[in-house]
Amino acid sequence: MLVNHRIRNKVIAITGASSGLGEQIAYKCAQNGATVILLARTMKKLKRMKDDIEKKYSVACGIWELDVSQHENITNTFKEIYENFGIIDVLVNNAGYGVFEEAYTTSIVDIKGMFDVNVIGLMACTKEVIPFMRQKKFGHIINIASQAGKIATPKSSVYAATKHAVIGYSNSIRMELDPYHIFVTTVNPGPIATNFFQIADQSGTYVKSVEKFMLNPEHLADKIVNSMLTKRREINAPRWMNTGSIIYSLFPKLVERIGRKAFYKK
Ligand code: NAP
């Protein structure tokens, strides 16, 4: 187990905490002595996690029902969190989903849905913590993007567009917030073994072709938690996939030609 002493007694809010990567991050934070605030739509799951976390790790755990696509509810939720806990030291914007489909068949409902959750929801949550973090001159915003935010591949045009937006937004606010000693990290994973694919890849074809190199959400959560309250700019995993993204940024035409077969795995 990695240990991050910097987060002991700190307050860490995580969106999309009810499953997959968010759930693992929540457990790892609690294990390292942090107070955790869990946000998601599935309250039943959050209640179970709260009981388990408080019993196992003797830390405080707050839970709030929040659908980050309901932007008008976000301000109130964060107001309640600040009233109850006084501070948020680290915000992990993790809530997100993808629908893998070709651009022309993707419905406007799905396009808006992905942008509402992955982009506008993330920005709205971030806006709530910035004024407090600026005042304290302390804090860390961790945005879960994706390798899809670096290389866009067929059948994920909209999802990739949302994650490109997350990286662009993060790069801008990192500079804005630097004078206030607020860190901004993007996490750019390749495929992770979570429930994500139940929506993204309903046929199961993509999962079958990438399951050999799927990331373990627990290991990735360890890396993320270990980077908390450090100036880490990006977490990229797996490393070979990120090397591909770097080469792509230099030679996009070449990579699109050579990688064609691999890119059509969805
Ligand atoms: P997951 O197991 O499906 O978890 C997604 C989480 O997001 C759930 O807790 C879900 O909670 C929450 N969520 C979804 N829609 C929401 C909404 N409208 N409002 C609030 N919460 C919402 O998937 P995951 O793999 O852990 O995904 C976590 C993040 O990693 C996402 O941002 C995803 O894009 C990113 N990512 C995933 C992969 C992958 O291959 N799995 C790769 C790269 C990046 P509720 O349903 O309870 O609300």
Side-chain angles (χ1 to χ4, degrees), residues 13-28 36-50 63-74 77-78 91-100 109-110 112-125 142-153 156 158-167 169-170 185-202 206-207 209-211 213-221 223-224 234-238 241-242 245 265-266:
I14 304 151
T15 69
S18 62
S19 158
L21 185 59
E23 178 178 3
Q24 292 302 324
I25 294 171
Y27 272 92
K28 300 283 172 185
V36 284
I37 316 282
L38 313 180
L39 306 160
R41 293 169 303 179
T42 317
M43 276 310 270
K44 211 164 131 194
K45 181 69 193 288
L46 293 188
K47 278 186 191 140
R48 242 184 297 143
M49 284 176 70
K50 175 181 164 70
I63 54 172
W64 267 268
E65 184 175 348
L66 179 67
D67 180 338
V68 298
S69 70
Q70 303 301 305
H71 309 133
E72 64 285 0
N73 296 338
I74 291 179
T77 302
F78 277 82
L91 169 67
V92 184
N93 280 308
N94 166 75
Y97 76 99
V99 177
F100 291 165
V109 170
D110 282 342
K112 281 192 176 153
M114 279 183 264
F115 270 91
D116 277 344
V117 175
N118 302 3
V119 182
I120 303 172
L122 173 146
M123 291 175 180
C125 292
I142 299 178
N143 291 333
I144 309 300
S146 170
Q147 283 296 314
K150 299 201 157 196
I151 302 189
T153 53
S156 64
V158 179
Y159 180 67
T162 66
K163 295 302 187 179
H164 275 71
V166 170
I167 295 176
Y169 177 74
S170 307
T185 303
T186 56
V187 179
N188 308 308
I192 319 166
T194 66
N195 291 337
F196 176 87
F197 294 101
Q198 285 179 4
I199 298 177
D201 176 43
Q202 288 178 18
Y206 181 63
V207 168
S209 60
V210 297
E211 67 193 347
F213 55 81
M214 271 204 188
L215 296 163
N216 174 325
E218 212 184 317
H219 295 166
L220 182 58
K223 279 192 188 155
I224 295 167
E234 290 180 22
I235 294 173
N236 296 294
M241 204 176 256
N242 191 53
S245 298
K265 283 197 165 159
K266 289 195 197 78

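Start at 1 and go down the list; that is how both ligands and their atoms are numbered. These values consider heavy atoms only, across backbone and side chains, with no hydrogens, waters or symmetry-generated copies.
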- Task: Check side chain to side chain donor-acceptor pair (under 3.5 Å) between N118 and all other residues, then give those that pass, not counting sequence neighbours.
- Result: T162
- Query: Side chains of T15 and C125: does their closest heavy-atom pair fall under 4.5 Å?
  - Reply: yes
- Under the criterion side-chain hydrogen bond (donor to acceptor under 3.5 Å, both in side chains), which of N93, T185, N143 is the partner of S170? N143
- Query: Who passes salt bridge (charged side-chain N to carboxylate O under 4.0 Å, His left out) against K112, sequence neighbours left out?
  - Reply: none
- Query: Of Y97, Y206, F196, which meets ring-ring contact (aromatic ring centres under 6.0 Å, His included) against Y159?
  - Reply: F196
- Item | Contacts of S146 that satisfy side chain to side chain donor-acceptor pair (under 3.5 Å) - sequence neighbours left out | none
- Show the protein residues that qualify under the rule heavy atom under 4.0 Å from an atom of ligand 1, listing them in chain and number order. G16, A17, S18, S19, G20, L21, A40, R41, T42, L66, D67, V68, N94, A95, G96, V117, I144, A145, S146, Y159, K163, P189, G190, P191, I192, T194, N195, F196, F197
